[in-house]
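Everything below concerns the one structure shown next.
Because only heavy atoms are used, hydrogens play no part in the values below, and waters and symmetry mates are left out as well, while side chains stay in. Each ligand, and each atom within it, is numbered from 1 in the order the structure gives. It should be emphasised that the depicted structure is a prediction, and the values quoted were computed from it without experimental measurement.
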Amino acid sequence: MLSLSVFEQSWQQALAERRASALLRQHKTISTPQGVEICVDGQVLLAFCSNDYLGLANHPQLVAAAQQATAEFGTGSGASHLVCGHSSEHHALEEELAAFTGRDRALVFSSGYMANLGTINALVGKGDAVFEDKLNHASLLDGGLMSGARFQRFLHNDLTSLESKLVSTNAARKLVVVDSVFSMDGDTAPLPELAQLAAKHGAWLMADDAHGFGCLGATGAGSAEHFGLAQAELPILMGTLGKAAGSYGAFIAGSHELIETLIQQARPYIYTTAIPPAVAASSRAALRVMQREAWRRDHLNTLIAYFRKGAEQLGLQLMPSVTAIQPVVIGSAAVTMEVAERLRTQGF
Ligand SMILES: *Cc1c(COP(=O)(O)O)cnc(C)c1O
């Protein structure tokens with residue numbers, strides 16, 4: 001065996017420590033499309049961990065839309081949006097997203113991670129303050145940390161904790177940021193109350209609806225629709241297209257002024273290649289299926305209720321979540337990994 005360099009030795013040691021703490025992250029290789037059953041490292045398993053909540057990631061209409069757009073536009077978008085990568089498919093997707101979410105405009109980003117980083121950094125900086133729920137997604141936390149604004153975390157879903165921080169800031173601009181459906185715990189943020197609190201303190205409210213878009217609301221438009229929050233109350237709405245929409249990418253929806261500001265300032269929007277037109281086309285097909293086939297949301301809710309009932313009968317400890325994210329609290333990382341491994345051997 002070749003001897004390791006000093007760098008490699010230090011990496012190897014850190015990796016060994018992660019492994020010993022049962023925290024080593026590892027790929028699993030999937031050889032089938034997403035679905036109820038997927039083939040993982042050669043073994044067929046019942047899938048409990050994808051975000052393809054509505055079963056759209058392999059839907060024939062999404063596949064056909066991508067194939068047709070590939071035939072028409074080719075594979076790559078060729079450039080960033082502001083150079084010459086913004087195709088008519090991207091444009092139509094933005095108009096349809098704005099109409100669907102009841103906002104003036106929408107802007108498509110290449111991923112949710114980039115949408116969050118780009119938006120927070122475009123809106124606040126030095127001299128401003130950003131307030132984030134403790135359990136926010138990593139992309140929101142990273143965006144807040146990067147922005148140069150004073151970064152403050154409040155207790156999870158705790159309006160009193162948030163208000164105590166809002167009253168004691170003298171920042172020029174204040175941005176409150178939450179997951180509308182928390183990505184680990186599955187519970188929802190009290191968006192109407194947050195909107196009132198933000199308005200009272202002259203702060204802007206941003207909600208990341210990665211897990212609500214497609215699933216919540218009468219037509220699947222997400223948390224804003226579910227809570228009946230108009231653009232004035234929830235001015236910065238983010239959603240992703242890689243989860244319930246079964247495609248890829250993300251968007252910010254809001255006022256004309258918000259979108260124009262992002263086009264000027266959001267670096268992860270400006271300095272990256274646009275998603276392929278075919279991906280935008282499959283997102284457009286997803287919006288049509290989502291709106292037309294409400295039964296997919298009913299079915300999801302039936303399955304959530306079925307899972308909760310069965311888990312409770314088994315005496316498993318669940319969290320108060322009505323969404324597709326259903327955490328079962330086990331405890332230590334080592335025991336959790338052991339449970340996952342045993343489930344895998346049993347076909348889950
Ligand atoms: C998945 C997720 C993102 C990131 O979206 P991508 O499109 O996968 O980059 C952002 N926020 C939350 C809450 C998420 O769950």
Side-chain angles (χ1 to χ4, degrees), residues 25 27 30 34 47-54 56-57 62 77 81 90 93-94 97 101 106-123 130 132-147 153 156-157 175-191 194 205-216 222-224 226 234 236-253 262 266-269 271-276 279-280 282-283 286-287 290 300 319 321-327:
R25 303 175 196 270
H27 284 124
I30 315 298
Q34 293 298 330
F48 271 92
C49 53
S50 96
N51 302 305
D52 180 24
Y53 302 130
L54 301 177
L56 298 186
L62 274 73
S77 69
H81 281 276
H90 297 100
L93 174 60
E94 289 179 343
L97 283 167
T101 56
L107 189 70
V108 169
F109 281 75
S110 294
S111 77
Y113 189 95
M114 292 164 77
N116 285 339
L117 231 57
T119 302
I120 296 171
N121 280 275
L123 298 179
V130 57
E132 300 210 17
D133 189 288
K134 260 195 135 91
L135 297 188
N136 272 0
H137 188 263
S139 55
L140 295 172
L141 300 174
D142 291 356
L145 286 166
M146 265 178 75
S147 69
R153 289 208 259 185
H156 178 52
N157 275 350
L175 176 64
V176 174
V177 186
V178 295
D179 278 24
S180 48
V181 174
F182 286 88
S183 61
M184 301 305 291
D185 287 37
D187 54 346
T188 50
L191 285 182
L194 284 165
L205 179 63
M206 170 173 177
D208 172 341
D209 206 22
H211 298 277
F213 185 70
C215 298
L216 298 179
S223 299
H226 174 78
L234 176 53
I236 309 157
L237 176 65
M238 176 274 194
T240 59
L241 299 165
K243 289 175 174 146
S247 178
Y248 185 75
F251 66 91
I252 296 281
L262 298 180
R267 296 168 67 86
Y269 176 78
Y271 297 107
T272 201
T273 301
I275 54 170
V279 174
S282 61
S283 295
L287 296 185
M290 261 178 188
L300 175 64
M319 306 273 286
S321 161
V322 296
T323 69
I325 299 167
Q326 291 292 328

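- When atom types are taken as modelled, the side chain of S180 and the backbone of D208 share a donor-acceptor pair closer than 3.5 angstrom.
- A donor-acceptor pair under 3.5 Å is absent between the side-chain atoms of T272 and the main chain of P268, judged by distance alone.
- Taking the side chain as every heavy atom from C-beta outward, T119 and M206 approach each other to under 4.5 Å.
- Between the side chain of S321 and the main chain of Q326, no donor-acceptor pair closer than 3.5 Å is present.
- The backbone N or O of N136 sits nowhere less than 3.5 Å from a side-chain atom of D179 that would complete a donor-acceptor pair.
- Annotation: ligand 1 has protein neighbours S111, G112, Y113, N116, H137, S139, D179, S183, D208, A210, H211, T240, K243, each with a heavy atom less than 4.0 angstrom from the ligand.
- Under the rule for a ring-ring contact (aromatic ring centres under 6.0 Å, His included), the partners of F182 that lie at least two apart in sequence or sit in another chain are H156.
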